[in-house]
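This report concerns only the one structure given below.
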Amino acid sequence: MAENTPAPDAPARPDDAYAGIVAGGSREVELWGWSALAMLSLAVAGVYAVLVALSRIPAIEEVFPWPLDFFHKGLVVHVVLSFVVWFLAVFGALLQVTTLRLAAGTPRLNLLGMAAVLLAEGGCVFLFLPALMDRGEATLNNYVPVIIDPVYYAGLVLLAVALTLAVVRLLANWDRRQQPLDPLSIATAGGAVIFAVALVCFAISAWLLGDQAPSHAFNEDLFWGGGHVLQFLNVAMLLGAWSLLAARGPMAVTPRVWTV
């Protein structure tokens with residue numbers, strides 16, 4: 001008798017709702033784009049960490065012609081890719097799946113999704129190339145260390161524009177939601193607001209700095225306020241990840257806990 005008794009249905013996993021909406025077509029390509037950017041940013045950051053260590057070996061410059069001031073430039077690239085780009089790429093992926101869950105069918109402004117991925121990937125290339133050039137100065141300022149070079153600043157702008165497009169698409173589909181938001185969607189929506197506040201902080205800092213020449217002090221003032229705000233975005237993503245992990249266990253935490 002026991003062998004013929006059908007097994008009870010397994011409880012639905014909290015990420016099942018997301019797995020279905022991103023499967024196939026351009027949706028899957030977009031998600032792979034953000035995921036690849038996140039993983040490659042950590043991989044390239046690791047390569048730069050090794051190169052930075054090798055560049056400090058005595059007399060190594062006689063074996064390999066290192067770019068000018070590579071040690072400090074390599075440190076900048078390592079930090080930016082492993083912290084700034086990594087977190088923002090994960091945020092881009094969360095923006096996509098949250099937008100798709102909100103929208104009924106094809107999201108409004110759907111073309112902004114792939115445009116955001118391509119801009120972010122192009123910006124990432126611009127962020128590590130200056131370390132290989134014999135120009136520019138590295139400034140190890142807080143939150144977003146910088147290589148003073150137009151190529152590097154262009155990479156930061158492209159990354160900011162990419163995430164802005166993804167946030168705009170999310171907000172454009174906000175009124176299409178047909179069910180209460182789950183904790184991860186709430187965390188992502190909160191992160192979108194936080195990211196917008198960070199952009200405003202960066203813009204105000206840039207306006208107040210006026211036409212000052214880029215320097216360590218300039219970059220410190222430019223990224224101090226917005227860099228602080230971006231830490232709250234990281235916390236929002238952490239809470240969203242915790243909500244998924246908590247919901248998978250036997251002691252599932254109710255969504256209300258994550259919204260209070």
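The first residue in the sequence is number 1, and the count goes up from there.
- Put simply, OG on Ser55 and CG on Leu51 are 8.0 Å apart, with the number rounded to the nearest 0.5 Å.
- Atom OG1 of Thr188 and atom CG of Leu170 lie 8.0 Å apart (nearest 0.5 Å).
- Judged by distance alone, with hydrogens and angles left aside, the side-chain atoms of Thr98 form no donor-acceptor pair with the main-chain N or O of Leu95 at under 3.5 Å.
- With sequence neighbours left out, Leu209 forms a side-chain contact (heavy atoms from CB on, under 4.5 Å) with Gln212, Phe218, Asp221, Leu222.
- Every residue two or more places apart in sequence or in another chain that forms a side chain to side chain donor-acceptor pair (under 3.5 Å) with Asp175 is listed here: Arg108.
- Closest approach of Pro130 and Phe126 over heavy atoms only: CD-O, 2.9 Å.
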**OP:** Please lay out, stage by stage, how Leu42 and Leu81 fare under the test side-chain contact (heavy atoms from CB on, under 4.5 Å).
**Re:** CA-CA 6 Å; Leu42 290 181; Leu81 293 183; over 6 Å; no
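- Nearest heavy-atom pair, Trp174 versus Leu102, reported as atom, atom and distance to 0.1 Å: CE3-CD1, 3.6 Å.
- Between the side chain of His78 and the main chain of Tyr48, no donor-acceptor pair closer than 3.5 Å is present.
- Summarising the local packing, CH2 of Trp32 is surrounded by 12 or fewer heavy atoms from other residues, nucleotides or ligands at distances under 6.0 Å.
- Leu111 CG: 12 or fewer foreign heavy atoms inside a 6.0 Å radius.
- Val193 and Val200 fall into different hydrophobic clusters, where Ile, Leu, Val, Met, Phe, Trp and Tyr residues are linked whenever their side-chain heavy atoms come under 4.5 Å apart, directly or through other members.
- More than 12 heavy atoms of other residues, nucleotides or ligands lie within 6.0 Å of CZ in Phe71, so this atom counts as buried by the packing criterion.
- From Trp242, atom CH2 reaches atom CG of Leu184 across 14.5 Å, with rounding to the nearest 0.5 Å.
- Here Pro150 pairs with nothing under the side-chain contact (heavy atoms from CB on, under 4.5 Å) rule; sequence neighbours left out.
- Expressed to the nearest 0.5 Å, how far CE of Met114 lies from CD of Gln96 amounts to 9.5 Å.
- The side-chain heavy atoms of Val77 and Ile147, taken from C-beta on, include a pair separated by under 4.5 Å.
- Remark: the backbone N or O of Asn142 is paired with a side-chain donor or acceptor of Glu220 at under 3.5 angstrom.
- For the atom pair CZ (Phe87) and OG (Ser41), the distance works out to 10.0 Å, reported to the nearest 0.5 Å.
- Transitive grouping of hydrophobic side chains (ILVMFWY, heavy atoms separated by less than 4.5 Å) keeps Leu199 and Ile204 in distinct clusters.
- A search for side-chain contact (heavy atoms from CB on, under 4.5 Å) contacts involving Ile194 returns Val229, Phe232, Leu233, Ala236, not counting sequence neighbours.
- Taking both residues in full, the closest heavy atoms of Ala120 and Ala162 are given as N-CB, 3.5 Å, listed atom of the first, atom of the second, then distance.
- In this structure, Val80 and Pro145 have side chains that are in contact, with non-hydrogen atoms separated by less than 4.5 Å.
- Asp69 is not listed as a side-chain neighbour of Glu137, based on a closest heavy-atom distance of 4.5 Å or more.
- In this structure, Lys73 contributes its side chain and Phe128 its backbone to no donor-acceptor pair below 3.5 Å.
- Exactly one residue among Leu159, Val157, Leu158 makes a side-chain contact (heavy atoms from CB on, under 4.5 Å) with Val161. That residue is Val157.
- Linking ILVMFWY residues whenever their side-chain heavy atoms come closer than 4.5 Å, directly or via other members, leaves Leu88 and Leu118 in distinct clusters.
- The two residues Tyr153 and Pro214 come nearest to each other via the heavy atoms OH-CB, 3.6 Å.
- Between Phe70 and Ala131, the shortest heavy-atom distance links the atoms CD1-O, 3.4 Å.
- Every residue meeting the side chain to side chain donor-acceptor pair (under 3.5 Å) condition with Asp149, not counting sequence neighbours, appears here in chain and number order: Arg135.
- Cluster note: Leu68 groups with no other residue, as no ILVMFWY side-chain heavy atom lies under 4.5 Å from it.
- Annotation: ring pair (Phe, Tyr, Trp, His ring centres under 6.0 Å) contacts of Tyr143 (sequence neighbours excluded): Trp224, His228.
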Original post:
Given Leu37 and Val117, is the side-chain contact (heavy atoms from CB on, under 4.5 Å) satisfied, shown in steps?
Top reply: CA-CA 9 Å; Leu37 180 61; Val117 172; over 6 Å; no
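- Residues Leu127 and Gly155 approach most closely at CD2-C, 3.9 Å, considering heavy atoms.
- Other residues sharing the hydrophobic cluster of Leu40, ordered by chain and number and joined by side-chain separations under 4.5 Å: none, the residue standing alone.
- If you take OG on Ser185 and CG on Leu94, they are separated by 9.5 Å, rounding to the nearest 0.5 Å.
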Original post:
Would Ile57 and Leu54 count as a side-chain contact (heavy atoms from CB on, under 4.5 Å) if you check the C-alpha gap in whole Å, the side-chain angles of each, and the deciding distance to 0.1 Å?
Top reply: CA-CA 6 Å; Ile57 298 176; Leu54 291 176; 3.7 Å; yes
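- Residues forming a ring pair (Phe, Tyr, Trp, His ring centres under 6.0 Å) with Phe64 (at least two apart in sequence, or on another chain): Trp66.
- Among residues two or more places apart in sequence or in another chain, the ring pair (Phe, Tyr, Trp, His ring centres under 6.0 Å) test is passed with Phe91 by none.
- When the side-chain contact (heavy atoms from CB on, under 4.5 Å) test is applied to Thr139, the partners found at least two apart in sequence or on another chain are Asn141, Val146, Ile148, His216, Asn219.
- For residues 178-210, the ring pair (Phe, Tyr, Trp, His ring centres under 6.0 Å) pairs, not counting sequence neighbours, are Phe202-Phe223.
- Note: the hydrophobic cluster containing Val44 does not contain Met39 (ILVMFWY, side chain heavy atoms under 4.5 Å, direct or indirect links).
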